[in-house]
Every structure is written in C-alpha cells, then in structure tokens.
Amino acid sequence: DVVMTQTPVSLPVSLGGQASISCRSSQSLVHSNGNTYLHWYLQKPGQSPQLLIYRVSNRFSGVPDRFSGSGSGTDFTLKISRVEPEDLGDYYCLQSTHFPWTFGGGTKLELK
Amino acid sequence: EVQLQESGPGLVKPSQSLSLTCSVTGYSITSNYWGWIRKFPGNKMEWMGYISYSGSTSYNPSLKSRISITRDTSKNQFFLQLNSVTTEDTATYYCARCRSGSYYFDYWGQGVMVTVSS
C-alpha cells in the first residue's frame, strides 16, 4: 500500500497567520494516464470531511482562495493563508492513484 | 443538492455482521462512484471500497473477503456489509460520492458511529 506521511501532526497557528501542511507518499502519485490523484480534506469538529483541493491544486467549489495546493511526484503541500477560526480542525490528504486508496494520518490545525 | 445519509445499528456484537445503508437524494447512484470510508478512534481514516455507476465494485484488500457493497437503484441506496466484525471495526462510517475521472470524494454523509462490543 502507498503510505501517506503527513507532517506536522499538530500545527498551532495564530489567526491571520499562515499554515503549511506536508504530505509525502511512499511512491509517485503520477498515474499512468499522467494525472496525479492527490486531494486535501478538512474535518471540522462534529462534521464530516469536506473537500478542499482535488488533484493537487484545484480548489473545490466554494473553497476560499486562502487555500492552495501544490506539489508533484511524492511531495505535496497545502497552504492556508490568513487563517480564520473556521479553518481549525483536522486536515487529511488522500491518494487515489494506487489501490488501495490511502489517507495521510492527519494534521490538527489549532490556535496557538 | 446531493445529500447522503447513513443509517444502521450503532452497536454490533463481535463475530456478527455490520450492515449500513446510504440513502442518496439529489443525484442518481447510476452515475459516478459511491464509497465507504471509516474513521477509527485515534483519527486514522481508511477507504473501504466503492460501487460504480455500473454496479462493479472495488474493495480494500485489508478487508479481504469480509466486505460487500451492493446497491438498490430503485431506491437510490447503496449498502455496506462487513462480516465477522471485531472490536477493531469500531469506527465512524461514512458514505460518500466519488467523482468519475478525478476519483475524489466530494459529498459525504454525516457519518454513523458503530461500536463493536459484546
């Protein structure tokens, strides 16, 4: 299975500040068709996960442009600028290039 | 608007079967893929499997032969059955829609917590 290593596990931030979360895969996430199926989710307390970014860098409908995704191959990053209270929660990356699809271990974004 | 709702028992005895239903409104399950994901205590998330628009399935090998995902298109529902459960199957179970071609889960149910205990 592809192991998705997310860092850090916990990320204290100040409101208005910037946050960066890393997701590294144990093998390349470039599919044989040339696409890279790496996605980012936020799970707020008491809610189901919500899609933020799909296929590395595409913001899902309604997601503020404070969220941005980048990366390639095995190394991916989610950046959040101007952190707001509603951004706090658990962030996960998901790879759907290789079966079985696998999630990162999660990053808790919390107030400093 | 696409909405998904899980239902099923919140408590299952060890060695028995876990059965959950996902009811979908606002979109036909004969399009795209429809999956089950679970989140364990301690926050690890696991993709369990999906059923496609055509009815074909794909499962996580970690679940071996214990898992089955089926559907009823007339009711716009799909189902999860997990056999021979143990306490390690205690988790919150989510159903979600997976977009064809991009393979991300965009709409999720609210989740149902299932505890395996005698």
Side-chain angles (χ1 to χ4, degrees), chain A residues 1-6 8-10 23 29-63 69 76 78 89-110, chain B residues 1-7 20 22-24 26-27 32-52 56-67 69 91-113:
Chain A
D1 297 4
V2 176
V3 177
M4 303 296 291
T5 303
Q6 250 184 270
V9 172
S10 175
C23 185
L29 298 186
V30 180
H31 193 275
S32 56
N33 65 13
N35 290 327
T36 300
Y37 299 104
L38 185 283
H39 323 293
W40 290 96
Y41 292 86
L42 164 61
Q43 186 169 28
K44 299 179 185 180
Q47 297 185 19
S48 52
Q50 58 187 81
L51 178 66
L52 297 173
I53 302 287
Y54 64 93
R55 283 200 285 119
V56 181
S57 59
N58 298 279
R59 268 187 303 276
F60 187 57
S61 174
V63 174
F76 303 91
L78 175 71
D90 296 327
Y91 287 78
Y92 294 91
C93 57
L94 164 68
Q95 71 80 20
S96 54
T97 296
H98 303 288
F99 283 105
W101 298 352
T102 47
F103 288 87
T107 296
K108 180 177 288 293
L109 189 69
E110 53 193 2
Chain B
E1 182 188 1
V2 183
Q3 293 188 326
L4 298 91
Q5 173 88 47
E6 305 91 348
S7 58
L20 297 176
C22 184
S23 300
V24 180
Y27 201 88
N32 288 288
Y33 295 72
W34 303 87
W36 289 96
I37 303 102
R38 61 182 178 176
K39 185 175 184 180
F40 298 100
N43 292 342
K44 177 187 171 184
M45 293 192 69
E46 179 181 64
W47 168 74
M48 301 181 71
Y50 66 64
I51 186 164
S52 78
S56 63
T57 54
S58 180
Y59 301 134
N60 192 321
S62 70
L63 298 168
K64 297 179 182 177
S65 57
R66 295 198 298 137
I67 187 173
I69 299 176
T92 298
Y93 288 76
Y94 297 94
C95 61
R97 184 181 81 168
C98 176
R99 290 304 300 266
S100 300
S102 286
Y103 307 109
Y104 55 80
F105 297 104
D106 54 358
Y107 290 94
W108 295 62
Q110 86 286 354
V112 58
M113 185 165 179

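Here is the naming used below: chain letters follow the sequence lines, and residue numbers restart at 1 for every chain.
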Fill in: Interface moiety of B/Thr92 toward chain A, non-hydrogen atoms closer than 4.5 Å
neither

Discussion item. Using side-chain heavy atoms (C-beta onward) and a distance below 4.5 Å, is B/Tyr104 in contact with A/Leu94?
Written reply: no

Discussion item. Heavy-atom pairs under 4.5 Å with chain B: which of A/Lys108, A/Gln43, A/Gln47 has the most?
Written reply: A/Gln43

Worksheet entry | Pairwise distance CZ(B/Arg99) to CZ(A/Phe60) - rounded to 0.5 angstrom | 8.0 Å

Fill in: Atom pair CD1 (B/Ile37) and OH (A/Tyr41), whose distance is rounded to the nearest 0.5 Å
7.5 Å

Worksheet item: Is chain A contacted by the side chain of B/Tyr50, its backbone, both, or neither, given a heavy-atom distance below 4.5 Å?
Response: side chain

Worksheet entry | Side-chain heavy atoms of B/Phe105 within contact of A/Ser48, under 4.5 Å | no

Worksheet item: Is any side-chain heavy atom of A/Tyr54 less than 4.5 Å from a side-chain heavy atom of B/Asp106?
Response: no

Discussion item. Below 30° counts as parallel, above 60° as perpendicular, anything between as tilted: where do the rings of B/Tyr103 and A/Tyr37 land?
Written reply: perpendicular

Worksheet item: Between A/Pro49 and B/Lys39, is any pair of side-chain heavy atoms under 4.5 Å apart?
Response: no

Worksheet, complete the sentence: Scanning both residues in full, the closest heavy-atom pair of B/Pro61 with A/Pro100 reads CD-CB, 3.9 Å

Worksheet entry | Distance, nearest 0.5 Å, that separates OG1 of A/Thr102 from CD of B/Glu46 | 10.5 Å

Worksheet item: Is B/Lys44 atom NZ crowded by more than 12 heavy atoms from other residues, nucleotides or ligands, each under 6.0 Å away?
Response: no

